[in-house]
Enquirer: 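Please read through the structure below; I'll follow up with questions.
Numbers here are sequence positions counted from 1. In this text the structure is predicted, and so the values were computed from the model without any measurement. We use all heavy atoms of the structure for the numbers below, so side chains are in, but hydrogens, waters and symmetry mates are not.
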Amino acid sequence: MLVEVSTSNVLLIEEISMKQKLLSALVVAAVAGMAVNANAGVIQSSYKNYAAEVFGDNTVVLTAPTIGYALALPLTGTAANPNSFTIQWTLSGGAVWNAAPAAATIVLAQPDGTVAAQSATTYQVAAPTLSADKTTLTAVVTVYSNYTTGSQVVLGGGGAVQVTKVGTTLGAPALSTDGCSDAVASVNVTAKLTNAAGTEFDSNFTLAPLLNTTPIVQSRRAIEVLALASSAFPRTTAGALDTDIEQSKVDVLLPSAGKLFTNTPADITASTTVLNLGQVIVRDRAVLFDLNGTNPYSVGTAGFGTNPATSVGIVEANGITFKVAGKFATGGTVTVNANTIAAGGATVVGAAIPSTVTFNADRTEATVTVAAADLTDAAFTKDTNGSTPTARRLNVIYTVTGTAQVPVAQFKLTSGQLNKAATSLEAPNVACPGNLYNLLANGVQVDVRNYVPDVAATPSGGWKSIVRIINTDEAQSADVSGTVLHRNGDLGASAVLVTLKPREVVYMQSAQIDAKLSAAATATATAFGADDIGQNARLRLTAATSSIRVQNYLYNPANGNFIEGSSAQGDEGPTLAVRDSVNK
């Protein structure tokens, strides 16, 4: 007896068969340690890694790489009985397709890479369409011949396909607030295949390596802006400590009395009024591409800071601005100078570069700006690193008058950025905060290592410090300064605590000391706080004299306990030819 099978029943049988094959593929993928066919339902794209800085504008248009989807199931059809399916590519990260591409941009390739021309005997692609928000590209493909497992549907295989609105996502790593992020940003595409009945097939996998999502473009920061302390400059190839690093201190001994720097041993500035705080460096951190996907985005490229919005492969810098925190002497100035590396490896400070420098009211922060015209190849010298220079350096120079007291300070690069031209499509490079020069004095420095600050009196059960300070110098008066040493090692507020005549002695309670330090505190040089409670606090005492002596007593008026803790502190005074036991 003949049984008539309707067309709908045939389609149902084919659909059941396809689902059974799909289930088999999923089972294989789920079995631990079992290999899965590399061509099974995998989307692939040979994406580029771009510099995040080149995505400063959200209207940038990029040519997407070819996006291939290897089929997990065979597709069969004939001229008399064709088979059709719908494929969709959806973008993530706010990106959109720039326009619906021509049908010819989508091709079907056999596993060996053979691509037949579209025809009524091979396959045909209907005109692709875009969703209302342009995130999804849809194409209907009709198959008139057989395409085995591993055959690929390739978007972009027959011509360029473009994406846009990628700047917000891909530019984000360059705008990291701390400037140090190593974040990677991606724009992904997800493929979805549905049959003529609207049922998803082949692409509805959830386990690797059966993937239907892949990046089509990624970005990271190509350039970083950072600080290098001059005390840590690279030494000469001979390893000498003389003229290639900075070693100056505040010379608090007679006759300079804290108004000049030391110049012994010789250092990079070899001056009693000039100190090299360090360098602000703009350098490559990775080899990444400009918008054309061919030229690297590098500080070593000729024409740095020129041709805004006209060329690829050029860092279109529009000046640099940065802030240096630290206590600056009255009348002191900050300048920037060019830099070179001598043949022997030593750092050489070049000519001054025009800059604008402003100080805040209490002279604890200097804002430095170098205009675009002064960030040229000649001034903003590239490292002499063969044919591929990878860094540009600015020396930060601090000059004092020689007539005003020079405070000890911990100088830091706190913020800033390498600006980009207003007409450029590029994003600025945010500076990575870091330490510059830690300026100490060459006089007596004593750290009271078991100091109990006033904020710790109540939490400690009433304990307080009583500090006895003695000027043991026979001829020189001493302005004794106190500096907060925070638990994390940062130098905090500094203030003159007392002026002592030769051989004079004074007692000071922690409440008196902390009141003076709190009055001198700033946003960047803070007083003792909650983090310094619990045996973490230290008090640094310095004096413009050849010697002071400090004794520390711990007293608890609530219970009458009294302890001398003087043995837990150190005298880090100047290196003199002769130090007697009294001064030591």
Enquirer: Could you go step by step and tell me if Q152 and Y147 meet the side-chain hydrogen bond (donor to acceptor under 3.5 Å, both in side chains) rule?
Expert: CA-CA 9 Å; Q152 292 197 40; Y147 284 85; over 6 Å; no
Enquirer: Does N83 reach the main-chain N or O of V143 with its side chain, forming a donor-acceptor pair under 3.5 Å?
Expert: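 A pair under 3.5 Å: no.
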Enquirer: Can we say R221 and D182 salt-bridge, meaning some charged N sits less than 4.0 Å from an Asp/Glu carboxylate O?
Expert: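 Result for this pair is no, no salt bridge flagged.
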Enquirer: Is the closest side-chain heavy-atom distance between T138 and Q88 below 4.5 Å?
Expert: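 T138 reaches Q88 side chain to side chain.
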Enquirer: Say you draw a straight line from CZ of R285 to CZ of R220; how long is it, rounded to the nearest 0.5 Å?
Expert: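 Going from CZ on R285 over to CZ on R220, the span is 5.0 Å.
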Enquirer: Would you find a donor on one side and an acceptor on the other, under 3.5 Å apart, between the side chain of D284 and the backbone of S298?
Expert: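 Absent.
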Enquirer: When rounded to the nearest 0.5 angstrom, what is the spacing between OG1 in T149 and CG in L75?
Expert: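 Here the interatomic distance stands at 8.5 Å.
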Enquirer: Counting only N and O atoms by type, is there a donor-acceptor contact under 3.5 Å from the side chain of T164 to the main-chain atoms of V60?
Expert: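 Yes.
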Enquirer: Can you check whether L418's main-chain N or O pairs, donor with acceptor, with N429's side chain at less than 3.5 Å?
Expert: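 Side chain of N429 to backbone of L418: no pair is present.
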Enquirer: Indicate yes or no: at least one non-hydrogen side-chain atom of V282 is less than 4.5 angstrom from one of I320.
Expert: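 Side chain of V282 against side chain of I320, heavy atoms only: contact under 4.5 Å found.
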Enquirer: So among N339, N337, T335, which one has a side chain to side chain donor-acceptor pair (under 3.5 Å) with N395?
Expert: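 Result for side chain to side chain donor-acceptor pair (under 3.5 Å) with N395: N339.
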Enquirer: Nearest 0.5 angstrom please: T135 OG1 to W97 CH2, how far?
Expert: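 Answer rounded to 0.5 Å: 10.0 Å.
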Enquirer: Do N195 and T86 come close enough that some side-chain heavy atom pair is under 4.5 Å?
Expert: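 Contact flag for N195/T86 side chains = no.
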Enquirer: Out of curiosity, L137 CG to N98 CG, how far, rounded to the nearest 0.5 Å?
Expert: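 So the gap between those two atoms works out to 12.0 Å.
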Enquirer: Locate the shortest heavy-atom distance separating W89 from A139; write the atom from each residue and the value.
Expert: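 For W89 and A139, the tightest heavy-atom pair comes out as CZ3-CB, 4.2 Å.
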Enquirer: Ignoring hydrogens and geometry, is there a side-chain-to-backbone donor-acceptor pair from S92 to N188 under 3.5 Å?
Expert: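 A pair under 3.5 Å: yes.
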Enquirer: Just by distance, do the side chain of H486 and the backbone of T526 share a donor-acceptor pair under 3.5 Å?
Expert: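 Yes, because the side chain of H486 sits within donor-acceptor range (under 3.5 Å) of the backbone of T526.
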Enquirer: Considering non-hydrogen atoms only, spot the tightest contact between A52 and A174 and give its length.
Expert: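 Looking at all heavy atoms of both residues, the closest pair is CB-N, 3.8 Å.
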Enquirer: Going by heavy atoms in the side chains, are L175 and P428 under 4.5 Å from each other?
Expert: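 Yes, at least one pair of side-chain atoms sits under 4.5 Å.
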Enquirer: So does G159 get a backbone contact from the side chain of T105, meaning a donor-acceptor N/O pair under 3.5 Å?
Expert: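 No.
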Enquirer: Carefully, step by step, assess S84 and T142 under the rule side-chain hydrogen bond (donor to acceptor under 3.5 Å, both in side chains).
Expert: CA-CA 4 Å; S84 66; T142 302; 5.0 Å; no
Enquirer: Take Y69 and S203 through the side chain to side chain contact (heavy atoms under 4.5 Å, CB included) test and state the conclusion after the steps.
Expert: CA-CA 9 Å; Y69 187 89; S203 57; 3.6 Å; yes
Enquirer: Any side-chain heavy atom of L108 sitting closer than 4.5 Å to one from V125?
Expert: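 L108 does not reach V125 side chain to side chain.
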Enquirer: To check you understand the geometry: which heavy-atom pair defines the closest contact between V54 and A51, and what is its length?
Expert: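 That would be CG2-O, 3.0 Å.
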Enquirer: To the closest 0.5 Å, what do you measure between CG (L288) and OH (Y50)?
Expert: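 If I round to the nearest 0.5 Å, the distance is 11.5 Å.
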Enquirer: Measure the spacing between CD1 of I106 and CD1 of I87 and express it to the nearest 0.5 Å.
Expert: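 Rounded to the nearest 0.5 Å, the CD1-CD1 separation comes to 7.5 Å.
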Enquirer: For Q417 and N419: C-alpha separation, side-chain torsions, deciding distance, then whether side-chain hydrogen bond (donor to acceptor under 3.5 Å, both in side chains) applies.
Expert: CA-CA 6 Å; Q417 65 181 32; N419 304 312; 2.8 Å; yes
Enquirer: I need the minimum non-hydrogen distance between A100 and P128, along with the two atoms involved.
Expert: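 In terms of heavy atoms, the two residues are closest at CB-O, 3.7 Å.
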Enquirer: Which pair of heavy atoms, one from G157 and one from T66, lies closest together, and at what distance?
Expert: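 Scanning both residues, the minimum pair turns out to be N-CG2, 4.2 Å.
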Enquirer: Taking all heavy atoms of P354 and all of V370, pick out the closest pair and write down the distance.
Expert: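 Shortest heavy-atom contact: O-CG1, 3.8 Å.
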Enquirer: Within the structure provided, determine whether Y123 and V107 are in side-chain contact (heavy-atom separation under 4.5 Å).
Expert: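 A side-chain contact exists here, since the closest heavy-atom pair is under 4.5 Å.
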Enquirer: Please examine the side chains of K134 and L91, heavy atoms only from C-beta on, and report whether any two atoms are closer than 4.5 Å.
Expert: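 The answer is no; the side chains never approach within 4.5 Å.
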Enquirer: Verify the ring-centre separation between F411 and Y398: is it less than 6.0 angstrom?
Expert: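 Yes, close enough.
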Enquirer: Mind running side chain to side chain contact (heavy atoms under 4.5 Å, CB included) on E426 and D57 for me, showing each step along the way?
Expert: CA-CA 7 Å; E426 298 177 6; D57 187 289; over 6 Å; no
Enquirer: Considering only heavy atoms from C-beta outward, does the side chain of R392 approach that of I281 to under 4.5 Å?
Expert: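 Answer no - side chains too far apart.
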Enquirer: Is there a donor-acceptor pair closer than 3.5 Å between any side-chain N or O of S151 and the backbone N or O of T148?
Expert: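 Yes.
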Enquirer: Q410 vs N435, test: side-chain hydrogen bond (donor to acceptor under 3.5 Å, both in side chains). Steps then yes/no.
Expert: CA-CA 8 Å; Q410 189 174 45; N435 292 330; 4.9 Å; no
Enquirer: Yes or no on side chain to side chain contact (heavy atoms under 4.5 Å, CB included) for F322 and V396, after CA distance, side-chain angles and deciding distance?
Expert: CA-CA 11 Å; F322 56 88; V396 183; 4.1 Å; yes
Enquirer: Between the side chain of K323 and the main-chain N/O of S415, is any donor-acceptor distance below 3.5 Å?
Expert: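 Not confirmed, K323 side chain does not pair with S415 backbone.
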Enquirer: Evaluate the criterion side chain to side chain contact (heavy atoms under 4.5 Å, CB included) for residue pair I216 and I67; output intermediate values, then yes/no.
Expert: CA-CA 8 Å; I216 60 170; I67 303 166; 3.7 Å; yes
Enquirer: Let me have the donor-acceptor pairs involving side chains of residues 223-231, under 3.5 Å, with sequence neighbours excluded, atom names and distances please.
Expert:
| unit_1 | atom_1 | unit_2 | atom_2 | d |
| --- | --- | --- | --- | --- |
| E224 | OE2 | R283 | NE | 2.7 |
| E224 | OE2 | R283 | NH2 | 3.1 |
| S230 | OG | N276 | O | 2.3 |

